[in-house]
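Inspection log for the structure reproduced underneath, given as structure tokens.
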Amino acid sequence: MAQFLLETVWLVPLYALIGGLLAVPWSPGIIRKTGPRPAGYVNLIMTFLALVHSAIALQATWNHPPKEVFIPWLSTAGLDLTIAIEISSISVGAMVVIAGLNFLAQIFAIGYMEMDWGWGRFYSLLGLFEAGLCALALCNNLFFSYVILEILTLGTYLLVGLWFSQPLVVSGARDAFLTKRVGDLFLLMGVLGLWPLAGTWNYPELAQWAETANVDPTIITLVGLALVAGPMGKCAQFPLHLWLDEAMEGPIPSTILRNSVVVASGAWILIKLQPVLTLSPVVSSFIVGIGAVTAIGGSLIAIAQIDVKRCLSYSVSAYMGLVFIAVGARQDEAALLLVLTHAVSAALLVMSTGGIIWNSITQDVTQLGGLWSRRPISGLAFIVGTLGLIGFPPLGSFWALLKLADGLWGTHPWLVGIVIAVNALTSFSLVREFGLIFGGKPKQMTERSPEVHWPMVLPMMILFGFVLHLPVILQSLSLLPDWANLNKDVALLLIWSSIFGCSISSVIYLSNIVPKPIRLPWKGLQDLLAYDFYTPNLYRITIIFSVAQVSKFADMIDRFVVDGIVNLVGLFSLLGGEGLKYSTSGQTQFYAFTVLLGVGVLGAWVTWPFWGVQFLDLIF
């Protein structure tokens, strides 16, 4: 049985896709008698089947070499587009995480969207997302990975814009789509530019080609930068990071997937392309630089935010920046471990705060407070999610960050400092958010804010237990770094940075020592962080202004040149027709004379080169 499920594990994405298609008839206007709820239950069943299938297949494929499956699709004119699928412990394990988190998100959505009219459309899009992510995990071909990423971009736009009657939702969906499209456009250039160099898009073949490749450094640098631009958009890295904040306008259950595994889709492509990207030192340095800037900047910005969702979104960008650093420094195992530990902890944090958003009037953390006595389950979930996301032993991210910092210690010690700083800032930011939401005395907005009902508590508690037991699971699978071979100094630095960040934040936000509300000493610095280093303003005065001016110029060309030529031809035809109307007499000889005159003029024009030469010879 297990062997059969392993051989057919490449069909797992179809479970979610079928579930999404079966949910379509419950969209508004097709099936009304039963209401939209059956759409969610159909998707739950299909996602559960996908989870069981992939989990059993994971046991069968563990400690076995990867296996490739090829599905011929198109071969013409020297172009071979064969769908390559890799069945390995990593790819199947990724599907287990995706299906598991989507299953919990769908249960959470039953409670969160209990009275919502868009169930059918919402669950259909969740099925599309799961199918795309599972297909991306299995895909072993760069071209088809790009196609899947495009589908995920479309899915992001549709999910964020689910409540399309709200202006902020519409603008958020639009901005998320356009921002990611910028990165996708450069990624397509890189995909097409890589083909003439390597002659293949298959990831293992690209790795073999990269071992002995002898290409022009400038060309491979340009191709590598284009390939990195796509993952930059997917992982919300500077300067393509604003979409993740805008996408928070969508439903919280979709945010569970987006903040955990969707943002990691770009990192997955980077890890696959790592052998090619290392051909250019410039590209590797660029990846590290972008990751470092985003990690530090995102951590600082998160500290100054007052919206619950924005606090978490910038922390996600910062953590993905650490993944970029790992890929740029060739720490692939650390990057994969970071992606896994971040996925489960970030999903738990979203569930914890999602319940607060669900039955609270405001999302402003400065207007919340005192919820610990009213929401103990959500508070415990937030604490465990925070500890699972920072360097707190023995939870998962501690081992991931330790493996990354230990790998950087001998080659890039300055990057270790960035990892330590980001860990301290993330600890400070998350404890700050906890203190503003759960600490202190109840305020007007939190006087009546009870714990959420069981469909939202159940997945939260399941994920709660999984985050706590993740180190045990990793240890049983021999995936934890060997403590005996790790740098103990780095481990102490990580632990003390976590303690430092949590302690300082606790003193400020959980005690009465510092007067409230908290403000930085310099208002300019407060505004700089609160307004995202004025990145939206920079967009407005550079890209948006340039596009607006080009659009105005194109409009002028269209109105005065193109329309002018068309109008001139029309006017000339009108005047010519009016003139001919008064010059016709109806006499046959007049028409014959006109035809002969036209033929004579045409003949003179055609034979003018000959007669011109003869005329010039007579003169000279």
Go through it in stages, so that I can follow the logic: the residues are Leu159 and Leu126, the test is side-chain contact (heavy atoms from CB on, under 4.5 Å), and I'd like the CA-CA distance, side-chain angles, deciding distance and then a yes or no. CA-CA 8 Å; Leu159 261 179; Leu126 279 187; 4.2 Å; yes

So do Ser254 and Leu162 actually touch side chain to side chain, heavy atoms under 4.5 Å? no

Looking only at heavy atoms, the pair that brings Val263 and Met320 closest together is O-SD, 3.8 Å

Do the side chain of Ser313 and the main chain of Leu244 share a donor and acceptor less than 3.5 angstrom apart? no

Is the count of non-hydrogen atoms from other residues, nucleotides or ligands lying under 6.0 Å from Tyr157 atom OH greater than 12? no

Atom of Ser145, atom of Cys139 and distance for their closest heavy-atom approach: OG-SG, 3.5 Å

Below 4.5 Å, heavy atoms only, C-beta onward: do Glu433 and Leu349 meet side chain to side chain? no

Could you please spell out the steps behind the side-chain contact (heavy atoms from CB on, under 4.5 Å) verdict for Leu136 and Ile269? CA-CA 9 Å; Leu136 183 66; Ile269 299 298; 3.7 Å; yes

Donor-acceptor contact below 3.5 Å, side chain Ser345 vs main chain Gly388: yes

Are Lys309 and Ile252 packed together at the side-chain level, in the sense that at least one heavy-atom pair is separated by less than 4.5 angstrom? yes

For Trp62, is the CH2 atom crowded, meaning more than 12 foreign heavy atoms sit under 6.0 Å from it? yes

Could you walk me through whether Tyr319 and Thr426 pass side-chain contact (heavy atoms from CB on, under 4.5 Å), step by step? CA-CA 9 Å; Tyr319 208 94; Thr426 302; 5.8 Å; no

Just how far is it from atom CD1 of Ile107 to atom CE of Met456, taken to the nearest 0.5 Å? 12.5 Å

Could you tell me whether a side-chain N or O of Thr47 sits under 3.5 Å from a main-chain N or O of Ala99, the two making a donor and an acceptor? no

Can any side-chain N or O of Ser505 pair as donor or acceptor with the backbone N or O of Gly501 at less than 3.5 Å? no

Taking all atoms of both residues into account, what is the closest heavy-atom pair of Ala400 and Leu338, and its distance? CB-CD2, 3.6 Å

Could you tell me whether a side-chain N or O of Ser91 sits under 3.5 Å from a main-chain N or O of Glu86, the two making a donor and an acceptor? yes

Quick check: closest heavy atoms across Tyr123 and Ala109, and the distance to 0.1 Å? OH-CB, 3.4 Å

Answer whether the closest heavy-atom distance between the side chains of Phe324 and Pro231 falls below 4.5 Å. yes

At their closest point, which heavy atom of Leu104 faces which heavy atom of Pro459, and how far apart are they? O-CB, 3.5 Å

Smallest heavy-atom separation, Val467 atom then Leu395 atom, equals O-CD2, 4.0 Å

Could you tell me how the ring of Tyr509 sits relative to the ring of Phe428: parallel (under 30°), tilted (30 to 60°) or perpendicular (over 60°)? perpendicular

Tell me every residue that passes ring-ring contact (aromatic ring centres under 6.0 Å, His included) with Tyr203, counting only those two or more places apart in sequence or in another chain. none

Within 6.0 angstrom of Trp119 CH2, more than 12 heavy atoms from elsewhere: yes

Please examine the side chains of Val9 and Ile56, heavy atoms only from C-beta on, and report whether any two atoms are closer than 4.5 Å. no

Rounded distance (nearest 0.5 Å) linking atom CG of Asn423 with atom CH2 of Trp496: 14.0 Å

Do the side chain of Ser503 and the main chain of Phe500 share a donor and acceptor less than 3.5 angstrom apart? no

What pairs of residues pass the salt bridge (charged side-chain N to carboxylate O under 4.0 Å, His left out) test when at least one of them lies in residues 390-405, not counting sequence neighbours? Glu333-Lys403

Within this structure, what is the CG-OG distance for the pair Leu402 and Ser397, rounded to the nearest 0.5 Å? 12.0 Å

Mind checking whether Trp358 and Tyr112 have parallel, tilted or perpendicular rings, split at 30° and 60°? tilted

Look at the side chain of Ser265 and the backbone N and O of Val261, then say whether any donor-acceptor pair between them is shorter than 3.5 Å. no

Do Lys180 and Thr156 have a side chain donor and acceptor closer than 3.5 Å? yes

Test log, rule side-chain contact (heavy atoms from CB on, under 4.5 Å), inputs Leu470 and Leu474: CA-CA 6 Å; Leu470 181 60; Leu474 294 177; 4.0 Å; yes

Give me the ring orientation class for Phe103 and Phe48: parallel if the planes are under 30° apart, tilted from 30 to 60°, perpendicular past 60°. tilted

Roughly how far apart are Leu133 CG and Ile98 CD1, rounded to 0.5 Å? 5.0 Å

Could you verify whether a donor N or O on one side chain and an acceptor N or O on the other, from Arg258 and Thr255, lie under 3.5 Å apart? yes

Separation of Ile325 CD1 from Thr294 OG1 (nearest 0.5 Å): 9.0 Å

When you compare the side chain of Cys235 with that of Val323, does any pair of heavy atoms fall below 4.5 Å? no

Just by distance, do the side chain of Ser124 and the backbone of Gly120 share a donor-acceptor pair under 3.5 Å? yes

Crowding at CD1, Ile90 (>12 non-hydrogen neighbours, <6.0 Å): no

Distance in Å, Met351 CE paired with Asn259 CG, rounded so as to fall on 0.5 Å steps: 12.0 Å

Would you say the side chain of Pro253 lies within less than 4.5 Å of the side chain of Phe122, judging by non-hydrogen atoms? yes

Report yes if some heavy atom in the side chain of Leu336 is under 4.5 Å from a heavy atom in the side chain of Ile271; otherwise report no. yes

Would you say the side-chain atoms of Tyr314 and Ser429 include a donor-acceptor pair closer than 3.5 Å? no

Does Leu51 offer a backbone N or O that forms a donor-acceptor pair with the side chain of Ser54 under 3.5 Å? yes

Ignoring hydrogens and geometry, is there a side-chain-to-backbone donor-acceptor pair from Ser89 to Thr61 under 3.5 Å? yes

